[in-house]
Trainee: 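Structure incoming, see below.
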Protein chains: 2
Amino acid sequence: MQAIENLPPCPVETTLLLMGDKWKVLIVRDLLSGTKRFGELKKSLNGISQKVLTSHLRTMEKNGLITRKVYAQVPPKVEYTLTEVGQSLKQVHDAMLDWGKNYQHQCNTTIN
Amino acid sequence: MQAIENLPPCPVETTLLLMGDKWKVLIVRDLLSGTKRFGELKKSLNGISQKVLTSHLRTMEKNGLITRKVYAQVPPKVEYTLTEVGQSLKQVHDAMLDWGKNYQHQCNTTIN
DNA sequence: CAGAATCCGTTAGGATACTG
DNA sequence: CAGTATCCTAACGGATTCTG
């Protein structure tokens, strides 16, 4: 793997380089529940275009975050799965999930 | 607080809305070590322009993540501090930090 | 179905100059 | 020092069309 030549010294910046993107985070969110086909991802990622989805999937594959499996059949079937490294993003995802919940709660209680 | 009208139902998307930005994450990283002045932030955020830094600080303030304290003196002195909600982003930050470290390590060992 | 290839508009963000 | 005000460009991403 490793498409990126020089990783930033700061680990946080490294993470941002690989995941510092709205769509990538949401792709991980959707793949954390299991392998998905291209069409399924496109649907659950409400609003993304195939072009953008494809390009993100490609770079995430190069970076070793996901695996792309093509079935030789017509019509085509392509499945995307998180690699082990990709799976480990669950921690980051969960932290964002928890924080988002709390923030939403804060807003609801603060509004009064 | 709450500058955002309709928070997305998905907590992850809520987080992305407030923190799904390279610079904001790095601002939080720098403020987690304590209150900082505008100039200090600009310096440690290597490469950011004042315009962008200012605008991000403003929206983060509106969103209740940071506090802005202006000292009535010449030359001006402005300090930025994480609010309690902002502090709670430490969990997200730390998750990103850990993951980045691991990824960097993966790369170094995989290169052989 | 899963894309590749174009075209195109918006805009995030950098550079610069000025100010209280 | 900590901004505000402009100007300007790269590029992200949406829409559309076509194909194996």
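Note that the structure is predicted; figures quoted are calculated from it, not measured. In what follows, every chain begins at residue 1, and chains take the letters A, B, ... in the order their sequences are listed. What you see below is based on every heavy atom in this structure, not just the backbone, and it leaves out hydrogens, waters and symmetry mates.
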Trainee: Quick one: Leu45(B) CG to dG14(C) C1', roughly how many Å, whole number?
Mentor: 15 Å
Trainee: Rounded to whole angstroms, how far apart are NZ on Lys43(A) and P on dA2(C)?
Mentor: 10 Å
Trainee: Checking all strands, does Lys51(A) fall into the base, sugar-phosphate, or nothing category for heavy-atom contacts under 4.0 angstrom?
Mentor: base
Trainee: For a quick test of reading the model: is some side-chain N or O of Arg37(A) closer than 4.0 Å to OP1 or OP2 of dC1(C)?
Mentor: no
Trainee: Starting at atom CD1 of Ile66(A), determine the distance to atom P of dA2(C), rounded to an integer number of angstrom.
Mentor: 14 Å
Trainee: By nearest heavy atom, map Gly47(B) and Arg68(A) onto DNA chain C; which one lands nearer the 5' end?
Mentor: Arg68(A)
Trainee: Let me know, please, whether Trp23(B) or Val70(A) comes out on the 5' side of the other along DNA chain C by nearest nucleotide.
Mentor: Val70(A)
Trainee: For atom CD of Glu79(A), is the number of surrounding heavy atoms from other residues, nucleotides or ligands below 6.0 Å larger than 12?
Mentor: yes
Trainee: Please state whether the phosphate of dG13(C), meaning OP1 or OP2, lies under 4.0 angstrom from any side-chain nitrogen or oxygen of His56(B).
Mentor: yes
Trainee: Quick one: label Tyr80(B) by what it contacts on the DNA or RNA (base, sugar-phosphate, nothing), any heavy atom closer than 4.0 Å.
Mentor: sugar-phosphate
Trainee: Measure the SG-CG distance between Cys107(B) and Asn63(A) for me, rounded to the nearest 0.5 Å.
Mentor: 8.5 Å
Trainee: Could you tell me whether Lys77(A) atom NZ has more than 12 heavy atoms of other residues or ligands within 6.0 Å of it?
Mentor: yes
Trainee: Kindly compute the distance separating CD (Glu13(A)) from CG (Asn46(B)), expressed to the nearest 0.5 Å.
Mentor: 8.0 Å
Trainee: Please state whether the phosphate of dA2(C), meaning OP1 or OP2, lies under 4.0 angstrom from any side-chain nitrogen or oxygen of Arg58(A).
Mentor: no
Trainee: Between P on dG14(C) and CD1 on Ile48(B), what's the gap in Å once rounded to a whole number?
Mentor: 7 Å
Trainee: If you count every heavy atom of other residues, nucleotides or ligands that lies below 6.0 Å from Glu84(A) atom CD, does the total exceed 12?
Mentor: no
Trainee: Let me know which of Lys69(B), Arg68(B), Lys36(B) forms a side chain to side chain donor-acceptor pair (under 3.5 Å) with Tyr80(B).
Mentor: Arg68(B)
Trainee: Report the distance from atom NZ of Lys42(B) to atom P of dG13(C), rounded to the nearest whole Å.
Mentor: 15 Å
Trainee: Could you tell me how far apart Leu41(A) (CG) and dA2(C) (P) are, to the nearest whole angstrom?
Mentor: 9 Å
Trainee: Let me know the distance between CD of Gln50(B) and C1' of dT19(C), rounded to the nearest Å.
Mentor: 13 Å
Trainee: First and last nucleotide of DNA chain D touching chain B, 5' to 3', heavy-atom cut-off 4.0 Å?
Mentor: dC1(D) to dC7(D)
Trainee: Under 6.0 Å from the NZ atom of Lys42(B), do we count more than 12 heavy atoms belonging to anything else shown?
Mentor: yes
